[in-house]
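Chain naming here is simple, since letters A, B, ... match the order of the sequence lines and numbering starts at 1 in each. Computed from heavy atoms alone, side chains included, the values below leave out hydrogens, waters and symmetry copies.
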Amino acid sequence: MIISGAVHPSITTNLLKSLADPDIVDLSYALAVFRRIPRPSNFQWNTIIRACSRNQVPQESVALYREMCREGVTPDVYTFQFLFKACSQCSSIREGQTVHGNFLKLFDGSDIFARNSLIHMYSELGHIEVARRIFDGMDQKNVVSWTMMVGCYAKIGCMDEARSLFDQMPERNVVSWTSMIASYVQIHQFEEAVGFFKKMVSSNIKPDVVAMVSVLSACSHLRELDLGKWVHHFVSKERIGMTRHLAVALIDMYAKCGDMDAARQVFDSMGSKVLVAWNAIIDGYCKLGKLDVACSLFDQMGDRDLVTFNSMITGYVQNSSFKDAFLLFSELWHSGLKPDNFMIVSLLSACANLGALYQGKMLHAYIEQSSAEPDVFVGTALVDMYAKCGLIGEAKQVFNIMPNKDVLAWTVMISGLALHGDGKSALDHFLLMREEGIRPNRVTYVAVLSACSHSGLVEEGYFHFNEMVSIFNIEPQIEHYGCMVDLLGRSGYLKDAERLIQSMPVEPNAVIWGSLLGSCRVYNDVELAEKAAKNLLVLEPQKDAIYILLYNIYNSTGRWSSAVELRGMMEGCGIRKLAGCSTIVIEGIVHEFIAGDRSHPQFDEIQTMMSAMATRLKLAGHVPRISQVSLDIDEEEKENILFNHSEKMAIAFGILKLGKNIPIHILKNLRVCRDCHSAIKLIAKIWNREIVVRDRSRFHHFRQGQCSCGDFW
DNA sequence: GTAGGGTTAG
């Protein structure tokens, strides 16, 4: 509707009044009406000033206030109330102080509403002390004054202060309680949030929609399905109108608790589905691995935003569908949307999983030139990516310049160092972290103990394992026992490892038995290996590695008949050895080598290089460890098979294609065999190359005839 | 006429 001509004053006032209603406000229309008023009244000025602040154009409110003063209209307390609100939205303390000064010139400041608005303004502008002074100076305070002062402290995470004020309140209403609940949610103290909600209900304060939305968010994080259901039930019982906020909170709660049927019911019952609701339900399906359902919803929806894409991409990454993740990312890129920190983190995690250094570096470059400020999530994801892609030095560099390192950032750095066999540096970082006053958690201890196990630090391992319990009260989980079994076993204390398994309060899982079996292979302990394999086969009857390890142990210890028998069993069960596969990336292109495979287009060239490698290795005194090959074939053939292991092919290709100063990075799907390990040490020396191999459990840095793992892996 | 609320990441 366009306003033309003069309008009767009473009509404009009523129009403005209705326009001030937050649900039907249409600012441009309201302004058009306002501008048609010849001499606006005090009330009309107030209405339009409030409308501007409600519509997120607080600067306009301040401008209108100035105009009002110029026109000679005297502002009243209401004017100032709306102005204080506008100033808090402008986030300009200067503006706020000026308006506050103007207010004091006209009024003595005893008006409780105006004072409350001032408390709110100073709180929003981050000047808590001023807010507190105003609060303390009030002769009369109402429940809103108290609630806002509580909110002041809560907003900046000073929950002790907030709580002590809350306890002193003469009376509390639903907003006071919700303020506490929402603040605990914001600082991730979800148990406290739930506790306050329960206390509120038992104090006979009836929760309203906002209180329920707040507590539902806590339920989502805590997977508190029962309380979540109670809230939902309460909504129907009390006939509380379902708002969009509430519906989304319910969908999210059900989705996070894994009850997708209930989530879907709420979603389907929504009249007009807001984007946030779509995002919440899609994320739920992604998290449960139901990517097909998520994908079909994704296709059905109209508008999508970054959150939608982020949920889908993260879903793909966490289900190891890395290709789909990158495909969707390119769709997003071409649609003109720019990735935010959330998406960069998910993509970096994909790169870390894939060992995709090239793409990881591209993302790093993107972060550096992008205007978005990298946060602790991005920093940690970068550290993790570099560590898992073999560049531990780069990982350290990124870590060192990170400003606010939290416990996870430290943990990722420590586990990166562990992965690269630098146990000493990992433990140094652990000490530094504690000096910074950061409390380690369970995951940190997994990293610390695995650092000990990857570097053979038995004493240190015991020390930290004990401290974890005695100082930090962390009950050892199966992962911690796994690290300890690994540490003891690999260091040759097989009996102690076995004893630890027997004394654990938890049932040993496949990781524990697998680790023990691996250690038995190193020390060729047949008896214990058989015990471990027997337990393992109950848990993972189809796993090829169990048979292979035991088979190798039989071979190495000359138990040929047992070996033959085992092979028969394998064949009988239809179990085949997973083929060794190594990849190397050259100029962004992934080259894949499978043991014995001749399909690479440059195979002849590679073959020539491999022969040269074999000759020079022999000259350097390398004796192939043919006991690693378990086939009934002659010695020369065994040597050939060893020499066609995928990592050797990939390295040959790397030497051919990469400049002398560029480290050769190889990714392998299995563990490096002993023969390859000693061969690669020599290759690194003979060709004077740095070779980095990421195998299934760790990194090996080969340099000058040595490996960073100290032959302990 | 002043106060509290929903979706994504390491």
Just grab all the side chain to side chain donor-acceptor pair (under 3.5 Å) pairs involving residues 209-225 of chain A, residues at least two apart or on different chains. Ser220(A)-Asp252(A)
Please list, chain by chain and in numerical order, all residues satisfying salt bridge (Lys or Arg N to Asp or Glu O under 4.0 Å) with Asp292(A), sequence neighbours excluded. none
Rounded to the nearest Å, what distance is computed from the CG atom of residue Asp375(A) to the C1' atom of nucleotide dG10(B)? 9 Å
Ile344(A) CD1 - dA9(B) P separation (whole Å): 15 Å
Rounded distance (Å) that lies between atom C1' of dA9(B) and atom CD1 of Ile282(A): 17 Å
Protein-proximity profile, nucleotides 2-7 of chain B, B/S/- by nucleotide at the 4.0 Å heavy-atom cutoff, equals BBBBBB
Atom CZ of Phe377(A) to atom C1' of dG10(B): distance rounded to whole Å? 6 Å
Val376(A) near the nucleic acid: base, sugar-phosphate alone, or nothing, with a heavy-atom cut-off under 4.0 Å? base
Please confirm whether the ring centroid of Phe298(A) lies under 6.0 Å from the ring centroid of Phe309(A). yes
Could you list the residues that satisfy ring pair (Phe, Tyr, Trp, His ring centres under 6.0 Å) with Phe430(A), not counting sequence neighbours? Tyr445(A), His464(A)
Name the nucleic acid region contacted by Asp76(A), choosing base, sugar-phosphate or nothing; use a 4.0 angstrom heavy-atom cut-off, strictly under. nothing
Nearest-Å distance, CG (Leu291(A)) to C1' (dT8(B))? 15 Å
Trp146(A) and Phe166(A): aromatic ring centres closer than 6.0 Å? no
Sequence neighbours excluded, every pair satisfying side chain to side chain donor-acceptor pair (under 3.5 Å) that has a member inside residues 173-182 of chain A: Thr147(A)-Ser176(A), Asn173(A)-Ser176(A)
Would you check if Tyr78(A) stacks with the base of dG1(B), given a 5.5 Å centroid limit and a 30° plane limit, both strict? no
Give me each pair satisfying ring-ring contact (aromatic ring centres under 6.0 Å, His included) with a member in residues 108-130 of chain A, each pair once, sequence neighbours excluded. His100(A)-Tyr122(A)
Does the base of dG10(B) carry an N or O that pairs as donor and acceptor with the side chain of Asp406(A) under 3.5 Å? yes
Rounding to an integer number of Å, can you tell me how far Phe298(A) CZ sits from dT8(B) P? 16 Å
Whole angstroms only, please: what is the CZ-C1' distance between Phe399(A) and dG10(B)? 13 Å
Separation of Gln318(A) atom CD from dT8(B) atom P, in whole Å? 12 Å
